[in-house]
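One structure is given here, and the rest of the page talks about it.
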There are 2 protein chains.
Amino acid sequence: MRLTRAGEYAIRCMVYLAHKGKGIQVSKQEIAERADIPAHFLAKIAQDLARAGLIAIKQGPKGGYSMLKNPEEISLLEVVEVMIGEIFLNDCVGRPRTCKASKQCSVHKVWEEARAQLRRTLGKVNLAELSESDSCIPVFLVHN
Amino acid sequence: MRLTRAGEYAIRCMVYLAHKGKGIQVSKQEIAERADIPAHFLAKIAQDLARAGLIAIKQGPKGGYSMLKNPEEISLLEVVEVMIGEIFLNDCVGRPRTCKASKQCSVHKVWEEARAQLRRTLGKVNLAELSESDSCIPVFLVHN
DNA sequence: ATAAATAAGATATTTAATGTCCTATATACA
DNA sequence: TGTATATAGGACATTAAATATCTTATTTAT
């Protein structure tokens with residue numbers, strides 16, 4: 001597992017949208033500026049988030065992005081895994097074929113456990129909680 | 001955090017040595033073959049392990065590697081962190097400078113917690129346990 | 001002294017992430 | 001219905017890191 005920059009950006013984008021609320025549309029530009037994400041890169045990330053059913057994208061003038069679910073219904077894990085795929089801590093667990101002995105391997109078991117634990121921790125947190133308290137996004141409690 | 005191939009190899013190498021026992025010297029070639037590690041790559045990895053005080057390296061004919069501590073005294077976490085540095089799950093936590101709001105950020109807190117949990121899990125397991133039961137290394141319970 | 005075994009550093013090779021650019025498409029509004 | 005605006009989607013460039021290999025140097029047993 002490695003949270004890529006794309007992953008961090010996706011979280012920021014979703015936290016920003018969550019703060020606005022379900023169904024509230026926000027322009028790409030606004031998100032890019034306020035959440036400090038390169039605009040072109042955000043476009044990519046948004047496409048992934050849309051494909052995963054987390055946000056809706058509207059084209060044209062007054063276009064933008066909006067959350068499709070309630071922030072409570074989206075976990076941090078969900079956002080992360082949309083961007084980087086299912087979380088694994090090592091190849092051995094992620095691609096069992098590369099490891100001959102994974103079935104009985106004691107090392108393997110530890111990584112499996114660690115992985116499950118990590119996914120549980122990230123799965124317990126939802127976007128509502130994250131957007132209520134302070135977050136990475138610099139003061140976005142501004143009227144507009 | 002991403003367990004690199006070098007990390008996986010280091011674990012295999014250490015588990016192999018642990019199985020032999022503290023102070024028992026094994027040639028690089030033997031380890032490379034039995035633990036399925038590219039020999040040249042193993043040399044690099046061994047240098048890191050030696051620098052960290054985990055193994056001793058002996059040059060010359062009848063040279064090789066040996067464990068400097070009892071297997072019980074070395075945790076999986078220790079081996080991993082020698083190879084990939086202190087474990088972090090994301091940039092934000094690893095390099096706080098890149099994130100302005102890390103102090104009060106709610107997302108940051110989750111990653112911190114997840115990180116601590118992961119390190120605890122890996123820290124609880126030692127090489128003795130790992131080498132006693134079956135592991136990644138294909139049947140090395142062979143006399144020589 | 002010689003041969004064997006590893007050290008250390010330089011240098012490919014590969015892979016992935018990151019970021020940018022260009023053309024296409026959708027849509028609000030005049 | 002046409003035009004301007006905003007995003008889509010794919011191609012491409014750049015950077016960075018991991019992985020692996022090769023060459024020369026050093027150590028040491030005999």
Side-chain angles (χ1 to χ4, degrees), chain A residues 1-13 17 25-33 35-66 68 80 82-85 87-92 94-95 98, chain B residues 1-13 17 25-33 35-66 68 80 82-85 87-92 94-95 98:
Chain A
M1 139 86 201
R2 177 182 154 212
L3 187 63
T4 59
R5 201 140 277 277
E8 301 234 27
Y9 290 156
I11 295 169
R12 282 196 222 160
C13 172
L17 286 173
Q25 186 178 294
V26 186
S27 80
K28 183 176 78 169
Q29 291 314 320
E30 178 181 336
I31 299 173
E33 281 165 30
D36 197 21
I37 305 171
H40 281 66
F41 205 173
L42 175 56
K44 284 253 145 117
I45 291 160
Q47 286 161 33
D48 290 338
L49 294 171
R51 225 171 283 131
L54 295 183
I55 67 171
I57 298 178
K58 195 177 176 194
Q59 288 198 1
K62 310 223 169 172
Y65 310 144
S66 61
L68 281 174
V80 170
V82 164
M83 297 310 300
I84 66 173
I87 287 180
F88 293 106
L89 295 169
N90 62 346
D91 273 8
C92 176
R95 306 177 219 160
T98 64
Chain B
M1 140 86 200
R2 177 183 156 210
L3 187 63
T4 59
R5 201 139 276 278
E8 300 233 29
Y9 290 156
I11 294 169
R12 283 195 221 161
C13 172
L17 286 173
Q25 186 179 294
V26 185
S27 79
K28 183 176 76 169
Q29 291 315 319
E30 178 181 337
I31 299 173
E33 282 165 31
D36 196 20
I37 305 171
H40 281 68
F41 205 172
L42 176 55
K44 283 257 145 113
I45 291 160
Q47 285 160 34
D48 291 339
L49 294 171
R51 225 171 284 132
L54 295 184
I55 66 171
I57 297 180
K58 195 177 176 195
Q59 288 197 4
K62 309 222 168 175
Y65 310 143
S66 60
L68 281 172
V80 170
V82 164
M83 297 309 300
I84 65 172
I87 286 180
F88 293 105
L89 294 170
N90 62 346
D91 273 8
C92 177
R95 306 177 218 159
T98 63

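Because only heavy atoms are used, hydrogens play no part in the values below, and waters and symmetry mates are left out as well, while side chains stay in. Being a predicted model, the structure only gives us computed values, none of them experimental. To find a chain, count down the sequence lines: A is the first, B the second, and so on, and within it residues start at 1.
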Atom pair distance, as rounded to whole Å: NE2 in B/H40 and C1' in C/dA5: 12 Å

Non-hydrogen side-chain atoms of B/L49 and B/L54 separated by less than 4.5 Å: yes

Length of the CD1-P vector between B/I45 and C/dT6, whole Å: 15 Å

Spacing of B/R2 atom CZ relative to D/dA16 atom P, expressed in whole Å: 17 Å

Candidates D/dT19, C/dG19, C/dT6 - which lies nearest the side chain of B/Q29: C/dT6

Under the side chain to side chain contact (heavy atoms under 4.5 Å, CB included) test, residues paired with B/R2 that sit two or more places apart: A/R2

Distance below 4.0 Å between A/T4 side-chain N/O and C/dT18 OP1 or OP2: yes

A/Q25 to A/G64 - nearest heavy-atom pair and separation: NE2-N, 3.6 Å

Nearest non-hydrogen partners of A/A6 and A/I45, listed with the distance: O-CD1, 3.9 Å

Between D/dT26 (P) and B/Q47 (CD): distance, integer Å: 15 Å

Integer-rounded Å distance: D/dT19 P and B/D48 CG: 13 Å

Atom pair distance, as rounded to whole Å: NZ in B/K44 and C1' in C/dA7: 10 Å

Nearest-nucleotide comparison on DNA chain C, the residue closer to the 5′ end among B/A43 and A/F41: B/A43

Where A/A50 and A/I57 come nearest, the two heavy atoms and their spacing: CB-CD1, 3.5 Å

Whole-Å gap separating P (D/dG9) and NZ (A/K28): 12 Å

Out of C/dT18, C/dT6, C/dG19, whichever nucleotide has its closest atom nearest the side chain of B/S27: C/dT6

Length of the OH-C1' vector between B/Y9 and D/dT19, whole Å: 8 Å

Any residue of residues 50-62 of chain B with a heavy atom less than 4.0 Å from an atom of DNA chain C: B/I57, B/K58, B/Q59, B/G60, B/P61, B/K62

Closest contact, heavy atoms only, B/A35 versus B/R12: O-NH1, 2.8 Å

Closest non-hydrogen atom pair between B/D36 and B/Y9, with its separation: O-CE2, 4.0 Å

Sugar-phosphate only, base, or nothing, as touched by A/A46 at under 4.0 Å among non-hydrogen atoms: nothing

